[in-house]
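Note sheet for the following structure.
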Amino acid sequence: MQRTVFNEEHEAFRKTARAFIESQVTPVYDQWYEAGIVPREFYSKLADLGVFGIEVPEEYGGAGIESFKFQAILLEETTRAGVSFGGSGVHVGLCLPYLKNLATDEQKQRWLPGFVSGEMMFAIAMTEPSTGSDLAGMRTTAKLSEDGTHYVLNGSKTFITGGVHADRVIVCARTAPPSETDRRHGISLLVVDTKSPGYAVGRKLDKLGLKVSDTAELSFTDVRVPVADLLGEANKGFSYLGQNLPQERLSIAIGAYAQAKAAIRFTLEYTRGRTVFGQAVAQFQNTKFELAACQAEVDAAEAVVDRALEALDREELTAADAASAKLFCSEVASRVIDRCLQLHGGYGYINEYPVARLYADNRVNRIYGGTSEVMKMIIAKDMGL
């Protein structure tokens with residue numbers, strides 16, 4: 001069936017993105033993969049393409065388009081090609097909503113032009129080594145100075161995608177102790193300049209997959225953060241985090257769907273060209289049945305993603321809707337990619353084949369942005385259970 005979620009403008013952007021990937025990314029992607037990071041100067045090319053400014057208001061240098069569909073297309077096209085733009089997805093997909101919704105006019109004037117141009121790359125730091133999904137248990141603190149001009153930030157964060165290249169990081173920290181009735185109270189969001197004394201980037205983590213994303217450990221030792229760089233109101237950070245989680249989880253669902261679709265594409269190409277016992281692997285009944293079953297699952301995931309995308313643009317995507325989409329699409333992708341790898345035989349286990357990289361990249365979809373178990377809790381609660 002023809003997808004109806006995208007219009008002619010979206011499809012024109014898709015063609016532009018595909019051509020950009022084919023000319024600027026695919027030829028050098030193996031080098032990025034081996035290095036484990038995207039070159040910082042590549043972000044200037046993304047900025048020139050207009051990627052960072054699509055959803056930024058026009059007065060700050062952006063296009064002012066209020067739709068996540070263009071970012072969805074980028075997710076689909078990078079995955080289709082078996083490549084990644086590294087940590088830049090966090091810059092737009094995770095950080096921009098906080099800046100648009102919480103920053104003051106003065107803060108937007110300082111940050112958004114550089115955001116659009118790629119001169120000021122953003123990341124967000126929530127997770128800590130000892131807390132995982134329990135964000136209310138974070139121990140990083142930001143204490144207000146005696147003269148009230150700045151916060152003094154101390155603590156550490158881990159699993160911070162985009163953390164190596166970031167120029168500013170939205171850091172979640174405790175500015176007040178939890179209350180007796182609400183342990184989530186007292187968390188604030190601070191936009192931290194990564195050049196500040198006491199700010200340090202630790203290890204670039206060696207991950208199973210997502211090799212070109214610069215995922216890092218961060219530490220803060222008496223980092224002075226101006227009060228003017230508080231994002232939103234003090235002590236209300238936890239509620240802000242919850243407001244942006246549906247979009248984050250939808251983006252993971254879209255990525256998972258795109259990975260499953262790409263796995264079928266790569267497997268069709270491989271099985272048509274691979275000859276065993278005198279005929280192409282694609283001609284065996286088992287291959288046909290396996291790929292047909294995979295295609296049916298991907299068709300269902302596409303319908304879930306498209307429905308959620310429309311709901312997000314209408315500002316109607318609920319936490320339970322997003323959790324359901326993430327849970328379903330990530331589970332579909334895990335099954336489809338596993339079956340497609342099997343059809344590659346031994347070559348499916350070799351990293352030079354895209355399906356092997358997909359297999360490794362896909363596994364984190366059921367962990368980050370909230371584990372599958374957390375998604376089930378959200379859905380069950382919405383059901384009144």
Side-chain angles (χ1 to χ4, degrees), residues 25 32 36-40 42-47 49 51-56 62 68 70-79 83-103 111-112 114-128 133 135 157-172 189-194 199 201-202 204-205 207 209-218 231 237 240-241 243-256 258-259 312 322 326 361 364-365 367-370:
V25 182
W32 296 0
I37 196 167
V38 170
R40 180 63 173 79
F42 173 69
Y43 294 152
S44 297
K45 295 183 179 181
L46 287 178
L49 190 66
V51 167
F52 297 152
I54 293 172
E55 297 176 58
V56 174
F68 190 69
F70 292 93
Q71 296 304 320
I73 289 169
L74 283 175
L75 280 170
E76 292 183 359
E77 288 304 309
T78 51
T79 306
V83 302
S84 165
F85 290 167
S88 65
V90 168
H91 179 68
V92 176
L94 268 65
C95 296
L96 183 56
Y98 291 99
L99 300 178
K100 287 174 62 178
N101 297 332
L102 301 175
W111 296 329
L112 288 181
F115 182 101
V116 172
S117 69
E119 297 174 72
M120 190 181 293
M121 296 299 296
F122 278 75
I124 185 165
M126 304 183 205
T127 306
E128 297 183 2
S133 297
L135 293 179
K157 300 288 181 178
T158 193
F159 307 143
I160 310 307
T161 301
V164 174
H165 283 325
D167 302 291
R168 297 289 188 282
V169 177
I170 302 171
V171 177
C172 309
L189 307 183
L190 301 172
V191 178
V192 181
D193 186 340
T194 61
Y199 181 101
V201 178
K204 182 173 74 67
L205 299 174
K207 307 183 299 295
L210 302 178
K211 290 290 190 178
V212 302
S213 292
D214 52 320
T215 306
E217 296 174 329
L218 307 178
L231 194 59
Y240 298 146
L241 297 176
Q243 292 169 12
N244 287 308
L245 279 173
Q247 178 174 304
E248 177 184 352
R249 287 167 177 164
L250 174 57
S251 69
I252 296 170
I254 295 167
Q259 288 173 331
L312 180 66
K326 179 182 183 295
D361 291 349
V364 76
N365 290 331
I367 298 173
Y368 69 177

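T194 places a side-chain N or O within 3.5 Å of a backbone atom of A166 that can act as its donor or acceptor partner. Side-chain atoms of K326 come within 3.5 Å of backbone N or O of G370 as a donor-acceptor pair. In terms of modelled atom types and a separation under 3.5 Å, the side chain of K211 and the main chain of G36 share no donor-acceptor contact. No donor-acceptor pair under 3.5 Å is formed between the side chain of K207 and the backbone N or O of V364. Side-chain N or O atoms of K204 include none that pairs as donor or acceptor with a backbone N or O of I37 at under 3.5 Å.
For the atom pair L46 CG and S117 OG, the distance stands at 12.5 Å (nearest 0.5 Å). Between atom CD of residue Q259 and atom OG1 of residue T78 there is a gap of 9.0 Å, rounded to the nearest 0.5 Å. Atom CG of residue L312 and atom CD1 of residue I254 lie 8.0 Å apart, to the nearest 0.5 angstrom. In this structure, CD1 on I124 lies 7.5 Å from CG on N244, to the nearest 0.5 angstrom. With rounding to the nearest 0.5 Å, the separation of CD in E248 from CD1 in I252 is 5.0 Å. In this structure, CG on L218 lies 11.0 Å from OG1 on T127, to the nearest 0.5 angstrom.
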| request: List the steps, then state whether side-chain contact (heavy atoms from CB on, under 4.5 Å) holds for R168 with D193. | output: CA-CA 5 Å; R168 297 289 188 282; D193 186 340; 3.4 Å; yes

| L241/C172 under side-chain contact (heavy atoms from CB on, under 4.5 Å): CA gap, chis, key distance, verdict | CA-CA 9 Å; L241 297 176; C172 309; 3.9 Å; yes

| message | Please determine whether side-chain contact (heavy atoms from CB on, under 4.5 Å) holds for the pair Y98 and V191, giving the CA-CA distance in whole Å, both sets of side-chain angles, and the decisive distance to 0.1 Å. | response | CA-CA 10 Å; Y98 291 99; V191 178; over 6 Å; no

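Of all the heavy atoms in A47 and V116, the pair that sits closest is CB-O, 3.5 Å. Contact record, S251 with F68: CB-CZ, 3.8 Å, taken as the closest heavy-atom pair. Summarising the geometry of A123 relative to I160, their closest heavy-atom pair is CB-CG2, 4.4 Å, with the distance given to 0.1 Å. In terms of heavy atoms, Q247 sits closest to P97 at NE2-CG, 3.5 Å. Closest non-hydrogen pair, W111 versus M120, comes out as CD1-SD, 3.7 Å. The minimum heavy-atom distance between L75 and G255, with the atom names listed, is CD1-N, 4.4 Å.
A centroid separation of less than 6.0 Å is found between the aromatic rings of F115 and F122.
Proximity of Y199 to V169: side-chain heavy atoms (C-beta onward) are separated by under 4.5 Å at one or more points. For the pair N101/Y240, no side-chain contact is recorded, criterion being any heavy-atom separation below 4.5 Å from C-beta on. Looking at S84 and W32, their side chains never come closer than 4.5 Å, going by heavy atoms from C-beta outward. Contact check for T215 versus L210: no side-chain heavy atoms found under the 4.5 Å cut-off. The shortest side-chain heavy-atom distance between F52 and M121 falls under the 4.5 Å cut-off. The side-chain heavy atoms of T79 and D361, taken from C-beta on, include no pair separated by under 4.5 Å. The side-chain heavy atoms of T158 and L205, taken from C-beta on, include a pair separated by under 4.5 Å. When side chains are defined from C-beta on, V56 counts as touching L96, because their heavy atoms get closer than 4.5 Å.
Classification of D214 and R40 as a salt-bridged pair fails, no side-chain N sitting under 4.0 Å from a carboxylate O.
Under the rule for a ring-ring contact (aromatic ring centres under 6.0 Å, His included), F159 has no partner lying at least two apart in sequence or in another chain.
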